[in-house]
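In what follows, every chain begins at residue 1, and chains take the letters A, B, ... in the order their sequences are listed.
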Protein chains: 2
Amino acid sequence: MPQQKSEHIPRATIQRLAVYVQVLENLQREGTEVISSEPLAKACNVNASQIRKDLAYFGEFGVRGVGYYVKNLIASITSALGVDREWRTVLVGVGNLGKALLNHKEFRLRGFNIVGAFDCDPFKIGEEVSGLEVVCTKRLREMIGDNGAEIGIITTPPERAQRAANHLVEAGINGILNFAPSRITVPDHVNVEYVDFFHHLYALSFNITHPNSK
Amino acid sequence: MPQQKSEHIPRATIQRLAVYVQVLENLQREGTEVISSEPLAKACNVNASQIRKDLAYFGEFGVRGVGYYVKNLIASITSALGVDREWRTVLVGVGNLGKALLNHKEFRLRGFNIVGAFDCDPFKIGEEVSGLEVVCTKRLREMIGDNGAEIGIITTPPERAQRAANHLVEAGINGILNFAPSRITVPDHVNVEYVDFFHHLYALSFNITHPNSK
DNA sequence: TAAGATATGAGAATTATTTCACAAATTTGG
DNA sequence: CCAAATTTGTGAAATAATTCTCATATCTTA
Ligand SMILES: NC(=O)c1ccc[n+]([C@@H]2O[C@H](COP(=O)([O-])OP(=O)(O)OC[C@H]3O[C@@H](n4cnc5c(N)ncnc54)[C@H](O)[C@@H]3O)[C@@H](O)[C@H]2O)c1
Ligand SMILES: NC(=O)c1ccc[n+]([C@@H]2O[C@H](COP(=O)([O-])OP(=O)(O)OC[C@H]3O[C@@H](n4cnc5c(N)ncnc54)[C@H](O)[C@@H]3O)[C@@H](O)[C@H]2O)c1
């Protein structure tokens with residue numbers, strides 16, 4: 001069982017592990033069974049020792065002289081990341097984006113089941129979206145007590161994100177994925193990740209504007 | 001005019017600058033006119049000298065003893081990032097996600113105008129989405145010659161992303177925002193950013209699973 | 001106009017991450 | 001079964017990024 005060997009693991013390592021899984025899954029789909037760090041590194045656009053060092057935080061998954069068995073390595077990394085299980089999630093803010101996410105089947109496929117949908121708009125409460133009844137945000141605590149969700153997804157307007165986060169924290173969630181373009185403040189034990197593709201467009205803009213700074 | 005003072009700027013700095021803009025815009029909406037690095041840092045969840053150092057790459061934007069004028073600082077950072085102008089973009093892959101993005105008005109609002117929509121499915125070509133006629137991917141080069149787009153957005157299935165990227169590169173694009181969950185290979189002068197919220201869910205999963213490793 | 005309070009900007013010190021280099025393990029072919 | 005060819009895993013070295021510290025600049029108030 002891949003067990004964490006060392007204390008602190010860089011955030012960058014976690015991000016790369018997600019990339020490795022993605023690339024390995026595509027390789028697997030194309031029929032590759034074994035791969036060594038060199039070509040995998042090329043496909044992921046990183047240094048080969050970087051991959052080996054990242055993996056070394058969790059154990060020894062390769063075979064010297066051979067490389068890594070793709071299927072095996074996927075299993076090892078997903079286990080290290082903790083995504084080899086079901087994660088129950090709830091979504092707050094059933095608007096355009098919220099509905100699109102509720103209908104997105106990939107969540108369930110990847111083990112992130114959305115088991116609750118919440119909104120504060122009385123016109124939306126009671127509506128059914130993708131097999132879930134939209135419930136009043138005030139009942140978040142009670143509902144999470146029932147369904148045991150651990151991750152909250154925020155898709156409210158930015159000025160409501162902090163309020164939504166407060167409700168989620170109070171309800172006992174310990175991870176938040178925030179799609180609203182605003183930062184939220186939460187207690188230390190709660191993890192927050194932000195999704196905002198404009199940040200990526202900004203990065204492109206910068207890199208195109210300053211081509212030499214690479 | 002904010003001019004780049006130093007040669008290499010860390011990628012992490014660029015990502016943070018985008019966060020600063022986001023937080024500053026929200027502060028501005030709430031009426032804040034001046035802010036010092038300490039409270040701004042708190043809102044962005046970073047160290048105050050980090051902010052000052054990040055800004056120092058581009059110039060001196062603060063007033064000693066006072067702090068930063070919010071409006072001014074937003075202008076300085078957006079100028080540094082190169083997002084104080086219009087960026088013309090094209091989108092390849094007019095499916096569920098592609099259509100949602102084409103209808104998303106925020107792009108235009110933020111200066112990223114989608115001026116072309118491409119797909120290879122003959123049933124989709126000719127269809128009109130959000131005021132744009134869907135055009136065959138093969139005509140990408142010709143169309144970009146006309147509309148002068150510089151950024152391409154990929155929303156094809158993962159196994160088609162590389163092909164889409166090749167078309168975009170050939171057409172002379174120099175930045176790509178890839179929503180497909182696969183890595184693409186492009187020449188050195190082309191910049192690629194990846195958007196995948198499962199990577200963020202993976203990070204949450206890891207952090208919740210290993211609470212001590214923070 | 002001078003003193004006290006505040007907050008930036010930048011060099012130095014620290015800490016973290018990445019890359020290198022190579023010993024150890026495994027396979028393959030004669 | 002041994003030698004040659006691979007390729008991992010890891011300590012050491014090199015790089016990079018972050019944080020600390022403080023001199024310097026500005027504002028406020030008396
Ligand atoms: N639409 C997109 O494609 C898109 C893309 C990226 C980011 N976003 C961001 O995602 C968020 C949602 O976008 P949208 O287009 O779905 O907006 P929307 O207005 O359609 O939906 C927002 C929903 O949140 C609900 N809401 C408001 N306050 C709430 C609260 N306190 N508790 C619970 N629910 C609350 C509203 O009733 C509404 O149903 C925005 O912050 C937007 O910037 C949207
Ligand atoms: N739907 C979502 O909410 C969502 C969210 C995140 C990521 N994604 C990713 O975005 C991509 C698109 O998702 P979707 O749900 O819109 O899929 P989709 O199948 O609805 O759309 C894909 C579109 O791409 C077109 N296409 C295929 N090959 C092409 C090519 N070579 N050139 C041009 N067009 C081509 C298809 O004709 C189709 O119209 C997928 O990779 C998916 O994993 C989707």
Of the listed nucleotides C:dA10, D:dT10, D:dT18, the one nearest the side chain of A:Lys53: D:dT10

message: Heavy atoms only, 4.0 Å cut-off, all strands: where does B:Arg16 land among base, sugar-phosphate and nothing?
response: sugar-phosphate

- line: From OH of B:Tyr69 across to C1' of D:dC27 the rounded distance in Å is 9 Å

message: Both B:Val46 and A:Leu55 contact DNA chain D. Taking the nearest nucleotide for each, which residue is further toward the 5' end?
response: A:Leu55

field: From CA spacing to verdict: side-chain contact (heavy atoms from CB on, under 4.5 Å), B:Phe206, A:Ile9
entry: CA-CA 10 Å; B:Phe206 174 80; A:Ile9 288 159; 4.0 Å; yes

message: Does C:dT8 have its OP1 or OP2 closer than 4.0 Å to a side-chain nitrogen or oxygen of B:Ser37?
response: yes

- prompt: Which is true for B:Ser36 with a 4.0 Å heavy-atom rule: it touches a base, it touches only sugar-phosphate, or it touches nothing?
  reply: sugar-phosphate

- request: Describe, in one word, how the ring planes of B:His104 and B:Phe107 are oriented to each other, choosing from parallel (under 30°), tilted (30 to 60°) and perpendicular (over 60°).
  value: perpendicular

message: Tell me whether the rings of A:Phe197 and B:Phe179 are parallel (<30°), tilted (30 to 60°) or perpendicular (>60°).
response: perpendicular

- prompt: For A:His8 and D:dA17, what is the distance between atoms NE2 and C1' respectively, to the nearest whole Å?
  reply: 13 Å

query: Taking for each residue the nucleotide of DNA chain D bearing the nearest heavy atom, is the 5' side occupied by A:Arg64 or by B:Val63?
result: A:Arg64

- prompt: Roughly how many Å is it from CD in A:Glu38 to P in C:dC20, rounded to a whole number?
  reply: 10 Å

query: For A:Ala171 and A:Ile144, which heavy atoms make the closest approach, and how far apart are they?
result: O-CG2, 3.5 Å

- prompt: Checking all strands, does B:Thr13 fall into the base, sugar-phosphate, or nothing category for heavy-atom contacts under 4.0 angstrom?
  reply: nothing

- prompt: So does B:Asn47 get a side-chain nitrogen or oxygen closer than 4.0 Å to the phosphate oxygens (OP1/OP2) of D:dA17?
  reply: no

query: Of A:Val66 and A:Arg11, whose closest DNA chain C nucleotide lies nearer the 5' terminus?
result: A:Arg11

- request: Please report, rounded to the nearest Å, how far the C1' atom of C:dT19 is from the CD1 atom of A:Ile51.
  value: 13 Å

task: For A:Gln15 and C:dA16, give me the distance from atom CD to atom P, rounded to whole Å.
output: 17 Å

query: Just to confirm, is there a sub-4.0 Å distance from OP1 or OP2 of D:dG9 to any side-chain nitrogen or oxygen of A:Tyr68?
result: yes

field: Between P of D:dT8 and CG of A:Asn72, the distance in whole Å
entry: 14 Å

- request: Could you please name the option among D:dT10, C:dT19, D:dC20 that lies closest to any side-chain atom of A:Gln50?
  value: C:dT19

- prompt: Counting only heavy atoms not in A:Arg29, do more than 12 sit closer than 6.0 Å to its CZ atom?
  reply: yes

task: Could you tell me whether the phosphate oxygens of D:dG9, OP1 or OP2, come under 4.0 Å of any side-chain nitrogen or oxygen in A:Arg52?
output: no

Atom-to-atom span, CG of A:Leu73 to C1' of D:dT8 - whole angstrom: 12 Å

- request: Take atom CZ of A:Phe61 and atom P of C:dT26, then tell me their distance rounded to the nearest Å.
  value: 16 Å

